[in-house]
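Presented below is the structure to which this report refers.
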Amino acid sequence: MSAAAEGRPLTAVRARLVGCHSCGLLISDSVLRDRRPPRCPRCATILRRRKADSQARSAAFLIAALAFYVPANIFPIMTVTMLGRGQPDTILSGVLHLIAAGEYPVAAVVFFASIFVPVIKIAVLAFLLISVRLGSKWRPRDRTAIYRITESIGRWSMIDIFMISILVGLVKLGAVATVEAGLAATSFAAVVILTMIAALCFDPRLIWDRAEAPDE
């Protein structure tokens with residue numbers, strides 16, 4: 001009986017295929033038995049059915065990102081000094097100052113890239129890891145789509161770091177105006193990088209492995 005007839009989605013495991021982690025080529029799983037070590041015929045990457053220790057590595061990077069997320073929001077991310085006056089700003093206070101100055105589009109971009117995206121990415125990755133760990137069969141297609149979206153937009157959080165880097169490099173006017181990066185900038189960059197690595201370590205095919213398992 002076909003997978004469609006059984007009401008289950010056709011997966012690579014059921015179709016006896018294995019995907020290359022590097023180039024995405026789908027190959028017959030017979031290559032895993034015929035070659036030692038099995039390599040992709042297109043890019044020569046060693047083939048594996050699943051990423052090694054995917055859940056453990058993804059969870060480790062996610063926990064590290066959470067540890068850096070606290071100082072990233074508590075400590076100042078930059079200090080802008082103009083004519084000898086200035087004060088350090090956290091990410092949130094910077095957004096509030098932009099709103100008070102009427103810079104609503106800029107405030108929206110900073111809020112989305114620096115606050116909304118990191119929080120959502122951490123929450124989504126934690127949800128996916130927990131759901132896989134518990135063997136959930138809930139909407140595997142939707143969970144896979146959520147993962148793909150989260151993995152693709154996470155890098156845009158670096159906009160804030162790029163902006164600070166440009167300001168620090170360009171605004172060097174002595175007593176007139178200066179911009180200095182704070183401790184939170186380093187912590188926030190670590191959060192972005194660690195969540196990106198956590199997303200890359202997570203293997204979304206684990207979501208579908210439970211869909212293949214028979215109901216208990």
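The CD1 atom of I149 lies 13.0 Å from the NZ atom of K121; values are rounded to the nearest 0.5 Å. Separating the CG atom in L26 from the CZ atom in R16 is a distance of 15.5 Å, to the nearest 0.5 Å. Summarising the geometry, atom CD1 belonging to I122 is positioned 9.5 Å from atom CG belonging to L194; distances are rounded to the nearest 0.5 Å. Distance check: L183 CG to I74 CD1 gives 10.5 Å after rounding to the nearest 0.5 Å. With rounding to the nearest 0.5 angstrom, the CG atom of L25 is 10.0 Å from the CG atom of L17.
With hydrophobic clusters built from ILVMFWY side chains whose heavy atoms lie under 4.5 angstrom apart, W138 shares a cluster with L206. Under a hydrophobic-cluster definition in which Ile, Leu, Val, Met, Phe, Trp and Tyr are linked whenever side-chain heavy atoms come within less than 4.5 Å, directly or via other members, L200 and I46 are assigned to different clusters. The hydrophobic cluster containing L125 does not contain I130, counting ILVMFWY residues as joined when their side-chain heavy atoms lie under 4.5 angstrom apart, directly or transitively. Note on L92 and F112: same hydrophobic cluster, where clusters join Ile, Leu, Val, Met, Phe, Trp and Tyr whose side-chain heavy atoms are under 4.5 Å apart, directly or indirectly. A single hydrophobic cluster is seen to contain both F127 and L66, as judged by linkage of ILVMFWY side chains at heavy-atom distances under 4.5 Å, directly or through other members.
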field: Candidate pair I99 and E103, rule side chain to side chain contact (heavy atoms under 4.5 Å, CB included), full reasoning
entry: CA-CA 6 Å; I99 294 175; E103 300 290 344; over 6 Å; no
query: C40 and S22: side chain to side chain contact (heavy atoms under 4.5 Å, CB included), yes or no, with the steps?
result: CA-CA 9 Å; C40 172; S22 296; over 6 Å; no
- request: Would you sort out whether I115 and I91 count as a side chain to side chain contact (heavy atoms under 4.5 Å, CB included), showing the intermediate values?
  value: CA-CA 8 Å; I115 298 177; I91 296 175; 3.7 Å; yes
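Contact between R39 and A44 at its shortest, heavy atoms only, is NH1-O, 2.8 Å. The two atoms that bring E151 and A199 nearest to each other are CG-CB, 4.0 Å, heavy atoms only. Here the shortest heavy-atom pairing between L62 and A198 reads N-CB, 4.0 Å.
Residues L47 and I27 meet the side-chain proximity criterion, which asks for heavy atoms closer than 4.5 Å. Here the side chains of L128 and I207 are in contact, with some heavy-atom distance below 4.5 Å. For the pair P118 and F188, the minimum side-chain heavy-atom distance is below 4.5 Å.
Relative ring orientation between F202 and Y147 is described as tilted, the plane-to-plane angle lying within the 30° to 60° band.
In the displayed structure, Y69 atom OH is contacted under 6.0 Å by more than 12 heavy atoms of other residues, nucleotides or ligands. Counting non-hydrogen atoms of neighbouring residues, nucleotides and ligands closer than 6.0 angstrom, the CZ atom of F75 reaches no more than 12 such neighbours.
Judged purely by distance below 3.5 Å, without hydrogens or angles, the side chains of S131 and R143 pair a donor atom with an acceptor atom.
Counting only residues at least two apart or in different chains, side chain to side chain donor-acceptor pair (under 3.5 Å) contacts with residues 48-64 comprise R50-D209. Residues in residues 187-206 take part in these side chain to side chain donor-acceptor pair (under 3.5 Å) pairs, two or more places apart or across chains: H21-R205, D203-R205.
Not a single donor-acceptor pair under 3.5 Å links the side chain of S93 to the backbone N or O of D89. Without hydrogens or angle criteria, S152 side chain to R148 main chain gives a donor-acceptor distance under 3.5 Å.
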